[in-house]
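Below: the structure, in structure tokens.
FYI, side chains are in, hydrogens and waters are out, and symmetry mates aren't considered; it's all heavy atoms of this structure. All values derive from a computational prediction rather than experimental measurement. Labels below follow one simple rule: chain letters A, B, ... track the order of the sequence lines, proteins then strands, and each chain is numbered from 1.
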Amino acid sequence: MIPILIKRDFTSRVKGAPYIITTIIGILVFVGLGFAPLVMQYFAAAFSEGSLELLVVDYSGEFYPAMAEVAAEREGQSIRIEAVPPEEESAAYQRVLDEGMNGLLLVDLPDFAFLTPDAANYGQNAWVENLVNQSLTRLNARNLGLSAEEMAQLFSSADLQVRQIGGNGDEVSSEDFTSSAVLAYCMLFMIYMSLILYGNMVASGVAEEKSSRIMEVMIAKVKPTELMAGKILGIGALSLMQFAIWVAAALVTSAVRRAGWFGSSLDLGISLGSIEPSLLAWFVIFFILGFFFYASIYAAGGAVVSRVEEVNQVVTIVTMLIAAGFIAAFMSFTNPNGRLAVITSLIPFTSPMVMFARLTLGNPAPSQVAASVLLLILAVAGGAWFSGRVYRIGVLLYGKRPTLREIVRYLRA
Amino acid sequence: MGLRVANITKRFRDVTAVNGLSFAVERGRILGFLGPNGAGKTTTMRVILGIIQPDEGEVAWNGRPLAYWGREFFGYLPEERGLYPKMPLDEHLIFLGRINGLSHRDARDRAAHWIDRFRLGEYRRKRIEELSKGNQQKAQVAGAIIHEPELLILDEPFSGLDPVNTGMLKEVLVEQSRAGCTVIFSSHRMDQVEELCEEIVLIHRGELVLSGNLKSIKSGMGRQILRVGVEGSRDFWRRLPGLTLLAERPDYLEFRMGRGVDPNMVLKEAMAAGQVTRFELAEPSLDQIFVERVGAGA
């Protein structure tokens, strides 16, 4: 019986525009993420390939030589600067405009002014500022009588190496670390979006059955729990298929990148293809458990309303709980083993997202992971029991929405 | 063998919807289930089908409780019609066949048969929401009988159907009954019940008022209806005791005769009043029985 119901709920939605559109958007996002480094490099290259042309009016007389030195040392950047005598200042800006230069730099130590026709070009401004600062530092150092070595010494900075050591003593390299952080954000967001999207689909599916009055025919033939199970499993299968399509898209993207058709400098980057299989397994486990838990609550929500339009009023609170879990998971990223993270990774309302986030970044104690999964499984069973009861009575109730007290009475019945 | 409803009672909080109701239908019969609005017909049907549990009493089919038979033995057309609006007609019928235990192949074949039988061929691939109300209703009836149930329960099956489709549905019900299916349907149209049913059950305020074979119920009531047509004074009957005027038609008057009224005396008075064009003793119509038993306000 249940397979027939699953099939109906699956096939009636899989051909629908909302499903197809969200699937395609997801594919575009994953392909886009895969090529993001390529795109970023392209833009970065486009920027540094650009040139900077400045006229400099130096009232101090000592700044320009330092700046010319610094500009000459900048390899790979096309910088052209030209000193203009102070008495020609008034004509200089006209030259900038006529020759399409970036601007005119006025230096009257300790003041600097940059006159430009394109003040909103932050890239250009940052470039100029950077150049000016470096030149000023060099000038100051020289005036203090520091040698080149002393200068290097003064400006040497510590390179803090953050190294994560796994439980087995192996080191996780920091490149993997960055990449997996971005991945974890993406996957967390997928869990969050899917719980809400597909949970709402369950609720409105149930309400639709009620409002179209098919419910009475179905309830005469099928047990309410079977009806609910069919709906949750059918819609769950939809979401898993969507994930599978997205993962496949990501894998194909990373394979294409590895094949090197787009140049060889693309090793670093973000791709689901580089994901550890164990992380993917945790993702599936926590998504499925979280979905079952929330979907049964959504189903009960759909069962107590009479019309599809009323669904939102009832399920808003469920959606807010999911959002709370998402926020808690997000905060856990900064401290995956902190108190907030540990507690919320045990509470079934938030644990699917928080424990997953902790697993991607931190290294939670196995006992905590086990407790989290166990509590979530218990909550799934409890949620199914609760919703089955509400569903059984709610599906044939029309008209006034039951009060909380009446719902409690259903539970005892 | 057939359906036995024994002493069922169903209360909703402080309202007793059905109170100690008992009746029986033999296999292959068509039973008209009558009663004014709110009499408890839908509740009784839901109890028979096991959608809701009675507080007291039991329902048996062929001597065994319903739970024994599973859910395939009956077909149900609820009063609140409903289908999945987005599903194509043929897929929907196949789906209903499947949840009633048919294999996919059987469900497909029967769906095709009923689409044909109800002349829905041109809508086969159309979504349910694109069908007219009458066609949706035929689709739903088809969904209720697609698995050839032994017991068919239809709540107001004729409401909303035009005369052509009403005739088509009547044919189908008679066919089903001849094939051995027991049919129970409720209706407000007494003429349809009289035409189709051998047996009736009449309930009022959750209690049984009348049940049994329609013919014997009627003859049991006696020929108490008198129709007299007279060309002349229409007031002749006022001097006679025991006559109640039921209807005044252009060409005749209709009376109910009380006990001890001699029709010959009535005829004599009528002849005295003028030329008698019609004189007829008849059994009451179901309509009249209904009104008499549950009150004109129903």
Subject >> Side-chain H-bond candidate by donor/acceptor type, A:E208 with B:Y84, under 3.5 Å >> reply: no

Subject >> Members of residues 106-138 of chain B whose heavy atoms come closer than 4.5 Å to chain A >> reply: none

Original post:
Should we say atom CZ of B:R27 is surrounded by more than 12 heavy atoms from elsewhere, each under 6.0 Å from it?
Top reply: no

Subject >> A:L5/B:F95 under side chain to side chain contact (heavy atoms under 4.5 Å, CB included): CA gap, chis, key distance, verdict >> reply: CA-CA 9 Å; A:L5 298 171; B:F95 169 70; 3.9 Å; yes

Subject >> Least distance between heavy atoms, A:A220 atom then B:F74 atom >> reply: O-CZ, 3.2 Å

Original post:
Rounded to the nearest 0.5 Å, how far apart are OG of A:S12 and NE2 of B:H92?
Top reply: 10.0 Å

Original post:
Given a strict heavy-atom distance threshold of 4.5 Å, which part of B:L77 is in contact with chain A: side chain, backbone, both, or neither?
Top reply: neither

**OP:** Let me see the working for B:E80 and A:M215 under side chain to side chain contact (heavy atoms under 4.5 Å, CB included), right down to the final yes or no.
**Re:** CA-CA 10 Å; B:E80 299 276 8; A:M215 196 56 104; over 6 Å; no

Subject >> Exceeds 12 heavy-atom contacts within 6.0 angstrom, atom CZ of A:F189 >> reply: no

**OP:** Please determine, among A:R8, A:K7, A:M1, the option with the most heavy-atom pairs under 4.5 Å with chain B.
**Re:** A:R8

Original post:
Closest heavy-atom contact between A:I214 and B:L83?
Top reply: CD1-CA, 3.5 Å

Subject >> Test side chain to side chain contact (heavy atoms under 4.5 Å, CB included) applied to A:V217 and B:Q140, step by step >> reply: CA-CA 10 Å; A:V217 176; B:Q140 187 145 13; 3.2 Å; yes

Original post:
Got a salt bridge between A:E216 and B:R46, using NZ or NE/NH1/NH2 to carboxylate O under 4.0 Å?
Top reply: yes

**OP:** Give a yes or no answer on whether the side chain of A:K221 reaches the backbone of B:R71 with a donor-acceptor pair at less than 3.5 Å.
**Re:** yes

**OP:** Counting only heavy atoms closer than 4.5 Å, note whether B:R81 contacts chain A via side chain, backbone, both or neither.
**Re:** backbone

Original post:
How long is the span from the CD1 atom in A:I4 to the CG atom in B:N100, to the nearest 0.5 Å?
Top reply: 9.5 Å

